[in-house]
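First listed ligand is number 1; within each ligand, the first listed atom is number 1. The figures here come from the full heavy-atom set of this structure, side chains too, leaving out hydrogens, waters and symmetry mates.
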Amino acid sequence: PKDQWPSVPHDDFHLAQELPCVDLSDFRTGDAEQRQKTAEVLAKTFSEWGFVLVTNHGVSAEIIKRMQNQALKFFEMPLEQKEKGVVPSSSKYEGFGYGVESGFYYAGKPWIDRFQCRWSPACEIREPMEKVFCPSDAEEFINTIEVYNSRLDKLARKILELCAIGLGIAEDTFTKPFGGTAGDCIARMNYYPPCPLSSLTLGLGAHTDPNLLTILSQCEVGGLQVLRNDTWISVQPKPDMLIVNIGDTFEAWTNGRFRSVEHRAVVNESAARLSMVYFASPPMKAAIEIPGQLITANDPLKFRPSFTWEEYKGHLLQRHAAGNGVKMSKQW
Ligand code: AKG
C-alpha cells in the first residue's frame with residue numbers, strides 16, 4: 001500500500017570519493033615510533049573526517065565471513081520466523097526489528113531489517129533465538145556473535161589507545177573508564193533487502209552515532225554514505241577493511257577535537273545489503289571527563305566538563321521521544 005512506502009526522495013547517491021585509510025599493522029607489531037605516527041595520522045583523520053577505513057586491523061577475514069553467514073541465515077528466513085526473535089519491549093535494545101518504527105533516524109519508513117543485542121554475554125537473546133533456530137543453530141549464532149564482537153572489542157580498545165596517543169594525552173584516557181568491563185557495547189546487524197523504489201527511500205536516514213566509537217563492516221554491496229562538506233560520499237566496499245567512526249560521546253570527550261559526522265545508508269534495486277556494526281560505549285555510570293589538555297585558550301570548553309553515558313543516553317531518549325531525532329545537542 002502507498003502509505004507503506006518510505007518518503008525520503010533522493011537522487012544523490014552516486015557520488016564516489018575515497019575515505020582516508022590507516023594501516024594499523026605498525027600498532028600491532030609494537031614499534032613505538034611507527035605507533036606514534038599511526039596514532040597521529042588517526043587522530044588527524046578523526047578531526048578532519050570523523051570516519052576512517054582501517055586495514056591490517058587484526059580481525060580475521062574468516063570470523064567476519066562467519067558472522068556474515070550467520071546474519072544472512074537469520075535475515076533470509078521468512079518474516080514470521082524472524083519475528084520470533086523479537087525480545088519483549090522491556091529491553092528495547094535486543095532482538096529483531098529494533099528501531100525500524102516509522103520516522104526512525106529521519107528516514108520516513110526505512111527499508112531495513114535489524115537485529116541487535118548486547119553481546120557480553122549475549123544471554124538475553126538466547127531464549128528468542130531458540131524459537132527462531134533449532135537449539136544447535138541458536139548456539140552457533142550466539143557463539144559467533146560473542147567471538148566476532150570480542151575481536152571488535154579488542155580492536156576498539158586499541159583504537160581508543162591510539163586516539164589518546166595521537167592527541168598527546170595519557171594512553172589509557174579513553175579505556176580506563178571501562179575498568180576491565182565490556183562497557184555498554186551493542187552489536188547490530190542491518191539487512192537492507194533490494195528495493196524496487198530505491199530513490200524514494202533510505203535504508204537508514206542521516207544521523208550521527210550517540211556512542212563512543214563505531215566499527216562497521218559492510219558486505220560487497222555498498223550503501224553507506226558519509227556527509228562531507230554538504231556532499232554525500234559513498235563508501236566503497238573494501239573486503240579487507242573496516243570502517244571506524246567517532247560517536248557523539250567521543251566528540252564531547254575530546255572537547256570537539258574529533259568529529260561525530262552524519263551518515264546514512266541507501267538501498268538499491270537489485271541486491272540485498274548487509275552491514276554489521278559494533279557500537280562501543282563506556283559503562284553507564286563511568287565518569288567521562290574532558291581532559292584538561294584539550295581545553296585551551298584557542299579551544300575553550302564546548303561541552304559539559306563531566307558526564308556519564310547514562311546521562312547522555314537519557315537526554316537522547318528524551319529528545320527522541322519529543323520528536324527531535326537522535327542528533328547530539330551541541331550544548332551537551
Ligand atoms: C547504523 O546502524 O547506525 C548505521 O549507520 C549503519 C549504516 C550502514 O548500514 O552502512
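- Asn229 and Thr231 form no side-chain donor-acceptor contact under 3.5 Å, judged by distance and modelled atom types alone.
- Electrostatic pairing of Arg35 and Glu161 counts as a salt bridge here, judged by a charged N lying under 4.0 Å from a carboxylate O.
- Here is the list of ligand 1 atoms found below 4.0 Å of a heavy atom in Leu216: 6 (C), 7 (C), 8 (C), 10 (O).
- Cluster annotation: Ile142 is connected to Leu72 through the hydrophobic network of ILVMFWY side chains, with a link wherever side-chain heavy atoms come within less than 4.5 Å.
- Contacts between Tyr191 and ligand 1, counted as non-hydrogen atom pairs separated by less than 4.0 Å, are absent for every part of the residue.
- Under 3.5 Å, the side chains of Asp299 and Asn255 contain no donor-acceptor pair of N or O atoms.
- Between Arg259 and Glu48 there is no salt bridge, since no side-chain nitrogen of the basic residue lies less than 4.0 Å from a carboxylate oxygen of the acidic one.
- For ligand 1, the atoms sitting less than 4.0 Å from at least one non-hydrogen atom of Asn190 are 1 (C), 2 (O), 6 (C), 9 (O), numbered in the order shown with element in parentheses.
- In this comparison of Gln225, His207, Arg273, Met276, the heavy atom closest to atom 5 (O) of ligand 1 sits on His207.
- Within ligand 1, the atoms closer than 4.0 Å to a non-hydrogen atom of His263 are 5 (O), numbered from 1 in the order shown.
- Listed by atom number, the atoms of ligand 1 under 4.0 Å from Tyr192 heavy atoms are 6 (C), 7 (C), 8 (C), 9 (O).
- Among the atoms of Gln218, none of the N or O lies under 3.5 angstrom from an N or O of ligand 1.
- When each atom of ligand 1 is checked for a heavy atom of Leu204 under 4.0 Å away, the hits are 1 (C), 2 (O), 3 (O), 4 (C), 5 (O), 6 (C).
- The pair Glu18-Lys238 meets the salt-bridge criterion, since a charged nitrogen lies less than 4.0 angstrom from a carboxylate oxygen.
- Atoms of ligand 1 lying under 4.0 Å from at least one heavy atom of Arg188, given by number and element, are 1 (C), 2 (O), 3 (O).
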(message) Let's go through Trp49 and Val261 carefully: what are the C-alpha distance in whole Å and the side-chain angles of both, what is the deciding distance for side-chain contact (heavy atoms from CB on, under 4.5 Å) to 0.1 Å, and is it a yes or a no?
(response) CA-CA 7 Å; Trp49 285 76; Val261 169; over 6 Å; no
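- The residue Arg264 has no part lying near ligand 1, judged by heavy-atom distances below 4.0 Å.
- Heavy atoms of Arg114 found under 4.0 angstrom from ligand 1 belong exclusively to the side chain.
- Proximity of Thr214 to ligand 1, defined as any heavy-atom pair under 4.0 Å, is not found for any part of the residue.
- With 3.5 Å as the limit, one finds no donor-acceptor pair spanning the side chains of Glu262 and Thr208.
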